[in-house]
Amino acid sequence: MWWGVAAALLANVLYSAGFVLEKRALGALPEVTVRRPARLLRLVLGSPLWIGGSLALAAGFAAQLAVYRTLPIAAAQGLFVSGLVLLVLLSARLLGEETSGRERYALGAILLALLMVVLSLRESGADADTVGRDAPYPLILMVCVPALAAGVWLYSSAERNARHRHRLPTTGVEYGIAVGLLYGVSSLAVKGVSSHLTTGGVGASALALLRSPYPYLLLFTGAFGLVMSQAALQRCRASLIVPVCTTVTCLFTAVLGTLSFGEELPDEPLRLALRVLGTVLAVTVLLAMPKHDTAPRTPAGPRS
């Protein structure tokens, strides 16, 4: 169990570093848009800094597989939230995105929430945390397909609104929610893939995985999430859009993932209170963080 906690913290480091590297790379590129995905991919793949960020995110994905093999979904989401602390610190140091006093208080509350979730875990014994291994495929599709449709629709709506010059500049909240829904589906797919990584034969495991919806959900969220997230990340502060995205992802995965994979919450009242209150505290703090970027915007780069 504890190496699962270590894997979650490692994933946080990799994800935070990856987002910051990609944001820095995007700042030096011409403006990208989802309406021209081929051009977007050509630009980002020509940036060594962006490739380094994407490799860090890929390594975080691998660490996430280990997390879902050892920790319940709700506990894992509480740990993943802690990565936002490092993200904000890196954004301030490397991107010049200063944090306000309110944001610093919020970071302290998130660390407290992380401690509560960790204390709610139990490694062995009769009340050891159960880790769900599989979920009915129709249920997974019933949960994921509407979420994907809602994410794409919301992002398209935000893009249409942003094109109206007389509207106020977007805060990034809509983009964060849209990408968060896609990443929530991706997180459930990662959980499903991890359940197929058994000690049995590689061929049998691969065949079972291909018969499941998980690899196809990962392909969809990977392709659309890549294009959507890069365009949004270029336009908005990383320290603003990523917390919104993470909040939606954690809520989606913790609630619907726990129900889909049949995982139970702790029986002991104290551990249950720590688990629930820690997760609720983290989500509440993130939702209460400032959603408007009051700092002057800097150009994303030369337009072409």
Side-chain angles (χ1 to χ4, degrees), residues 11-12 14-16 18-19 22 32-35 37-38 40-41 44-45 50 53-68 73 76-77 80-81 83 134-135 137-159 172 174-197 209-234 236 238 241-261:
N12 287 342
L14 293 169
Y15 280 134
S16 297
F19 278 122
E22 287 189 348
V32 297
T33 173
V34 294
R35 288 173 290 170
L40 183 152
L41 291 176
V44 297
L45 291 176
W50 185 91
S54 65
L55 290 176
L57 292 177
F61 170 82
Q64 194 177 18
L65 285 173
V67 174
Y68 284 137
I73 292 176
Q77 298 313 305
F80 288 144
V81 165
D134 207 356
Y137 296 159
L139 178 60
I140 289 294
L141 292 175
M142 186 174 65
V143 167
C144 292
V145 172
L148 292 175
V152 173
W153 174 84
L154 182 59
Y155 193 98
S156 301
S157 177
E159 282 283 280
E174 297 89 348
Y175 291 119
I177 293 174
V179 177
L181 286 173
L182 263 69
Y183 284 171
V185 172
S186 178
S187 188
L188 288 188
V190 171
K191 170 67 177 177
V193 169
S194 72
S195 68
H196 287 80
L197 299 180
L209 183 60
L210 290 175
R211 289 174 175 171
S212 74
Y214 303 124
Y216 311 106
L217 290 173
L218 280 177
L219 285 174
F220 183 92
T221 56
F224 279 79
L226 171 64
V227 175
M228 292 164 58
S229 64
Q230 298 312 301
L233 193 60
Q234 188 184 60
C236 311
I241 189 173
V242 176
V244 176
C245 174
T246 302
T247 301
V248 175
T249 299
C250 287
L251 272 174
F252 183 92
T253 308
V255 176
L256 297 179
T258 297
L259 295 175
S260 299
F261 284 87

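This one's a predicted model, so the numbers in the text were calculated from it and none came from an experiment. All values below come from the heavy atoms of this structure, side chains included, with hydrogens, waters and symmetry mates left out.
Shortest non-hydrogen contact noted between Val227 and Leu40 is O-CD1, 3.8 Å. What you find for Ala231 and Val32 is that their closest heavy atoms are CA-CG2, 3.8 Å. Between Glu22 and Leu233, the closest heavy-atom pair is CB-CD2, 4.1 Å. Closest approach of Tyr137 to Arg211, counting heavy atoms only: CE1-O, 4.0 Å. The two residues Glu174 and Ala158 come nearest to each other via the heavy atoms CB-CB, 3.8 Å. Nearest heavy-atom pair, Ser187 versus Thr249, reported as atom, atom and distance to 0.1 Å: CB-CG2, 4.5 Å.
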- Task: Take Glu159 and Thr33 through the side chain to side chain contact (heavy atoms under 4.5 Å, CB included) test and state the conclusion after the steps.
- Result: CA-CA 9 Å; Glu159 282 283 280; Thr33 173; 3.9 Å; yes
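With sequence neighbours left out, the side chain to side chain contact (heavy atoms under 4.5 Å, CB included) criterion links Ala66 to Trp3, Ala7. Residues satisfying the side chain to side chain donor-acceptor pair (under 3.5 Å) test with Gln64, not counting sequence neighbours, are Tyr15. Scored by the side chain to side chain contact (heavy atoms under 4.5 Å, CB included) test, Val143 finds Leu139, Leu188, Phe252, Leu256, Ser260 as partners (sequence neighbours excluded).
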If you look only at distance, which donor and acceptor atoms sit under 3.5 Å apart when one is on a side chain in residues 213-223 and the other is two or more places apart or in another chain?
unit_1, atom_1, unit_2, atom_2, d
Tyr216, OH, Leu210, O, 2.8
Thr221, OG1, Leu217, O, 2.8
Thr221, OG1, Leu218, O, 3.2

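Using a 4.5 Å heavy-atom cutoff, the side chains of Phe224 and Leu148 are not in contact. Residues Phe261 and Ile140 form a side-chain contact, since some pair of their non-hydrogen atoms from C-beta on lies under 4.5 Å apart. Side-chain contact between Met228 and Tyr175: absent, with no pair of heavy atoms (C-beta onward) separated by less than 4.5 Å. Contact annotation: the side chain of Leu41 approaches that of Leu226 to within less than 4.5 Å [non-hydrogen atoms, C-beta and beyond]. In this structure, the side chains of Leu14 and Leu57 stay at 4.5 Å or more apart for every pair of heavy atoms. Taking 4.5 Å as the limit, some side-chain heavy atom of Val193 sits within range of a side-chain heavy atom of Leu209.
Distance CD1/Ile177 to SG/Cys245: 10.0 Å, rounded to 0.5 Å.
Between the side chains of Tyr183 and Thr253, no donor-acceptor pair of N or O atoms lies under 3.5 Å.
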